[in-house]
Amino acid sequence: MTTLKPVKKENLSVKVYNELRNALIDGQYEPGERLIIGELAAELGVSITPVREAIFRLISEQGLEMQAATAVYVPFVNSERLWEIYQIRLQLEGLGAAEAAKKITPHQLDNLVSLQRDFLANTATDPKRASYLNRKFHFSILEAARMPTLRNTVESFWVITGPLLKVFHVKTAGLDYSEDRHRHEAVIEALRARDSQAASQALQDDLRWGGKMMIDWLIAREKEQADGEARPEPAARAARK
């Protein structure tokens, strides 16, 4: 069940686009899920036209894909594409962290500390909440960098991977970081010290660690699916005897 909110009449296509984009980032939809334009329009309280315009914009940004004339789906992201996205995020978010170290305010730093505290408190018990807090942590650093173009570019990758991240966090629920020094702590220390190089390195270390864990999980999942498809059905095996 999604939590899309009805929108007002002005700038409808933009508002619908933002609502759907945020829903993808939040993982409200799963990979392979079909989106029905009429149902979305009814849920948002608008006509079909702004929904269609928003969907075509998201298709152009690879957040959605069209498999037939009217069949719109949330795309699957394979391990190869996920690796590519993480390599780009390493560079962009590393730059964002370096800039944030120069510009972050005490209030923004306190907010990061609070987000990290809540994140650690939820990792083992509420994976969806932990996933949301992790995203807020990263976006807050980009906000502190005051580079809106960079932020928007990075967000576009979260639109693509948000649905997969939801599945990953649910499938790997139960991870507990409370007794270990989480990599976010090094990012916070570097930002507090106004050390751009250390902030960039710490953020990239966090992405490498999390990215490897997620890519390894996806590779194993793909292998399991491939093995299942290659394995003959019981009736077929019996016929060969």
Side-chain angles (χ1 to χ4, degrees), residues 24-33 62-63 74-98 100 112-142 151 153-191 198-228:
L24 289 166
I25 291 174
D26 290 341
Q28 292 187 35
Y29 301 110
E30 294 191 5
E33 184 172 349
Q62 302 180 48
V74 178
F76 287 96
V77 177
N78 61 28
S79 56
E80 183 177 350
R81 189 179 186 197
L82 186 61
W83 179 88
E84 178 188 5
I85 288 173
Y86 266 94
Q87 297 312 302
I88 299 171
R89 283 185 59 195
L90 278 172
Q91 303 305 314
L92 295 181
E93 293 192 47
L95 172 61
L112 283 177
V113 172
S114 178
L115 285 171
Q116 177 63 4
R117 185 186 305 115
D118 290 346
F119 169 74
L120 291 177
N122 283 276
T123 51
T125 57
D126 191 344
K128 290 183 180 180
R129 175 69 177 169
S131 177
Y132 166 78
L133 291 166
N134 177 66
R135 184 173 67 256
K136 283 282 290 182
F137 183 91
H138 284 266
F139 283 6
S140 295
I141 293 173
L142 295 173
R151 178 190 169 112
T153 302
V154 172
E155 280 189 355
S156 70
F157 293 120
W158 286 83
V159 172
I160 296 171
T161 59
L164 181 64
L165 281 166
K166 173 191 174 183
V167 176
F168 170 73
H169 283 289
V170 170
K171 295 291 185 183
T172 59
L175 293 175
D176 186 357
Y177 307 107
S178 58
E179 296 183 2
D180 298 320
R181 189 173 184 272
H182 191 269
R183 286 155 184 80
H184 286 176
E185 306 293 344
V187 177
I188 292 172
E189 288 179 6
L191 292 172
S200 178
Q201 185 63 54
L203 195 285
Q204 289 178 333
D205 287 345
D206 176 50
L207 286 178
R208 287 191 183 96
W209 174 77
K212 182 180 185 306
M213 186 164 56
M214 188 170 176
I215 291 168
D216 286 349
W217 167 80
L218 189 53
I219 289 173
R221 192 167 179 248
E222 291 169 349
K223 184 178 184 303
E224 182 179 329
Q225 291 173 342
D227 290 344

Contact check, side chains of [X] and [Y], non-hydrogen atoms, under 4.5 Å:
X: P163; Y: L24; result: yes
X: D206; Y: H182; result: yes
X: H138; Y: L203; result: yes

Separation of [Y] [atom2] from [X] [atom1] (nearest 0.5 Å):
X: S156; Y: I160; atom1: OG; atom2: CD1; result: 6.0 Å
X: F139; Y: E93; atom1: CZ; atom2: CD; result: 8.0 Å
X: H184; Y: F137; atom1: NE2; atom2: CZ; result: 5.0 Å
X: L120; Y: L133; atom1: CG; atom2: CG; result: 10.0 Å
X: R135; Y: L115; atom1: CZ; atom2: CG; result: 11.5 Å
X: L165; Y: W158; atom1: CG; atom2: CH2; result: 6.0 Å

At their closest point, which heavy atom of [X] faces which heavy atom of [Y], and how far apart are they?
X: P31; Y: V167; answer: CD-CG2, 3.8 Å
X: E155; Y: I25; answer: O-CD1, 4.2 Å
X: Q28; Y: E33; answer: O-OE1, 4.4 Å

Checklist entry - Does CH2 belonging to W217 count more than 12 external heavy atoms closer than 6.0 Å? => result yes
Next on the checklist: Is it true that, when you exclude E222 itself, more than 12 heavy atoms of the residues, nucleotides or ligands shown sit nearer than 6.0 Å to its CD?
Outcome noted: yes
Next on the checklist: Within 45 degrees of the ring normal and closer than 6.0 Å to the centroid, is that where the cationic atom of R89 sits relative to Y86?
Outcome noted: yes
